[in-house]
Amino acid sequence: MEKLQAIRGMHDVLMEDTPRWQFVETRIIEILKQYGYQEIRLPIVEYTELFTRSIGDHTDIVSKEMYCFDDRNNTSLTLRPEGTAGCVRAGIEHGLFHNHTQKLWYAGPMFRHERPQKGRQRQFHQFGVEAFGFPGPDIDAEMILMAARIWDSLGIKDLRLEINSLGTAESRQQYRQILVDYFSAHRSTLDEDSLVRLENNPLRILDSKNPAMQSVIADAPLLNEHLDEESMQHFNDLCAILDAAGIEYDINPRLVRGLDYYGRTVFEWITGQLGAQGTVCAGGRYDGLVESHGARPTPAVGFAIGMERIIELVNDDVIQDVQNPHVYIIVTGDNLTKAAILFSEKLRKSINKMRVITHFGSGGIKSQFKKADKSGARYALIIGDEEIANGMVSIKDLRVDEAQLMLNENELIDLLRQNLEID
Ligand code: ATP
Ligand code: MG
C-alpha cells in the first residue's frame, strides 16, 4: 500500500500550531466587530460559472488554478478559489443589498492549484471582509485603517502598504490600448505568460512576478496618467484620509490585482520577510461586480488576509498560553475512577472555564505526577482512598515548591478561585 499522506499543498495544522491560529482568528474577529462587520458563512463549493463570470476567464485563477469537477448530475462545480464571488452571490440571492448597506466578513479555506512553496499552498485560508453599498472613499480608508489595527493587535510591524487606483472600466479600456501598443513594441522581451496576457488581459502583464520581466514593466506607461477625473478625486480623498490618520503608504502605479473585477482603489499590505510570497493582505473596490450578475448596481469594496502568511509573522511571545490545564487529577486506584470523574465534573461546574484533566488508564502515583507535570498543569489533585474516606482532596502546587495539602472541597475551590487566573 502506498504511504498515507495529505494531498500536495494541503496541510494539516497540528496541535502545536493551532493556538497560534486561534489567537490570530480571535483577534481579527474582535477588531472586525469594533467596526460593525458581521459574519456570513458560505459554502466551499459553488457552480463553476460563478467564478468564471466573477473573476474573469483570462485570470490565472480561472485559466489554470481552479479545482473543478463534475458532480453526479454532470454539473460543473468548483472548490472556491476566493470568497468574494460567493459572498456577492449570497448577497444577491438573499436580497441583502436592497436598500441596505452591508459590512460582512467570512473566513475559511480556499483552493488554488498552484506550485506549492513557502507561503503558497493549494489549500490556504483567508479572512475576507466586504462592504456593500458604500460608494465613497471613506469606507476604502476605514478598511485600510481597520487592517492596520489588526496588524497592531497581532503585534506585526514592518508591513508596507501599497495603493493605486485602477480608474473606471472606461479609463482602463483606453489605458489597455496604450499598454498593448507599448508591449507589442517590446514583444521580444515578453515571457510566455505575458504574450498570452498581451492578447487577452494586458493589464495583468504588470502583475508578473518574473524577475526577467521587471525592467520592461518598469518602463511601461502608467495608468494614473490616464485616470478619469472622478477616480482621481476618489483616490485623492482616500489619500487625504490616510494622511490625516497617520497611515504610511506608497503609491504604486503598477499595482494591479489578479482578479478582473477590481476598479478604482486597490491595495496590498506587503512584508519583506516572506520573499516572493510577501503580500499578506490584498483588496480593493469592485463596483461593477454585483451589477454584472444582473442585480441592481451596488458599490463594493473588500480585502482578504492570507492567514498562513500572517500567522508566519506573529511572534510567539504575543500568544498567551491558553491551553495548559489548571489541574491534573491523579487517581490512585482503579476503583476510584468513577469518583474522580464526578469530582472533575464538580470542579468544571463550580469554576467556569477551569481546565481539568482527569487521569485515565494505568500508572502509579509517581508516573501520574510526571504526566501532570508534563501537561503543564498548575496543580495536581490527588484522589485516594484516604481522601475519599474523609471527604477531602490533596493538592500539590506543581510550579512552586510547597508541601502537599489536604483540603475539604469548599477550601479547595476557594484556593483554586484565589490562585488561578481564570476570567
Ligand atoms: P499572489 O500574488 O501571492 O498569488 P493573489 O493576488 O493571487 O496573491 P489574492 O487572490 O488577492 O492573491 O488573495 C489575497 C491573499 O490571499 C494574498 O495576498 C495572499 O496573502 C493569500 N493567498 C493567495 N493565494 C495563496 C496561496 N496559494 N497560498 C497562500 N496564501 C495565498
Ligand atoms: Mg495568485
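Atoms within a ligand are numbered from 1 in the order they appear, just like the ligands themselves.
- With a heavy-atom cut-off of 4.0 Å, E114 touches ligand 1 through its side chain alone.
- Which of E82, E308, R112 comes nearest to atom 5 (P) of ligand 1 through a heavy atom is settled by distance: it is R112.
- Considering only non-hydrogen atoms, atom 1 (P) of ligand 1 lies nearest to R120 out of Q126, R120, Q277.
- For the salt bridge (charged side-chain N to carboxylate O under 4.0 Å, His left out) test, residues two or more places apart in sequence or in another chain that qualify with K209 are D207.
- Within ligand 1, the atoms closer than 4.0 Å to a non-hydrogen atom of T279 are 17 (C), 18 (O), 19 (C), 20 (O), numbered from 1 in the order shown.
- Scanning both residues, L206 and A220, for their nearest heavy atoms gives CD2-CB, 4.2 Å.
- Residues satisfying the side-chain hydrogen bond (donor to acceptor under 3.5 Å, both in side chains) criterion with H359, sequence neighbours excluded, are Y328.
- Distances below 4.0 Å separate heavy atoms of K209 from the following atoms of ligand 1: 2 (O).
- Residue R89 holds its CZ atom at 13.0 Å from CD of E49, rounded to the nearest 0.5 Å.
- Scanning both residues, R399 and A372, for their nearest heavy atoms gives NH2-O, 4.0 Å.
- Of all the atoms in ligand 1, the ones that sit under 4.0 Å from a non-hydrogen atom of A282 are 11 (O), 18 (O).
- Taking the six-membered ring where the residue is Trp, Y286 and Y261 present tilted rings, their angle falling between 30° and 60°.
- For ligand 1, the atoms sitting less than 4.0 Å from at least one non-hydrogen atom of V280 are 20 (O), numbered in the order shown with element in parentheses.
- Residue G306 has at least one heavy-atom neighbour below 4.0 Å for each of these atoms of ligand 1: 16 (O), 20 (O), 21 (C).
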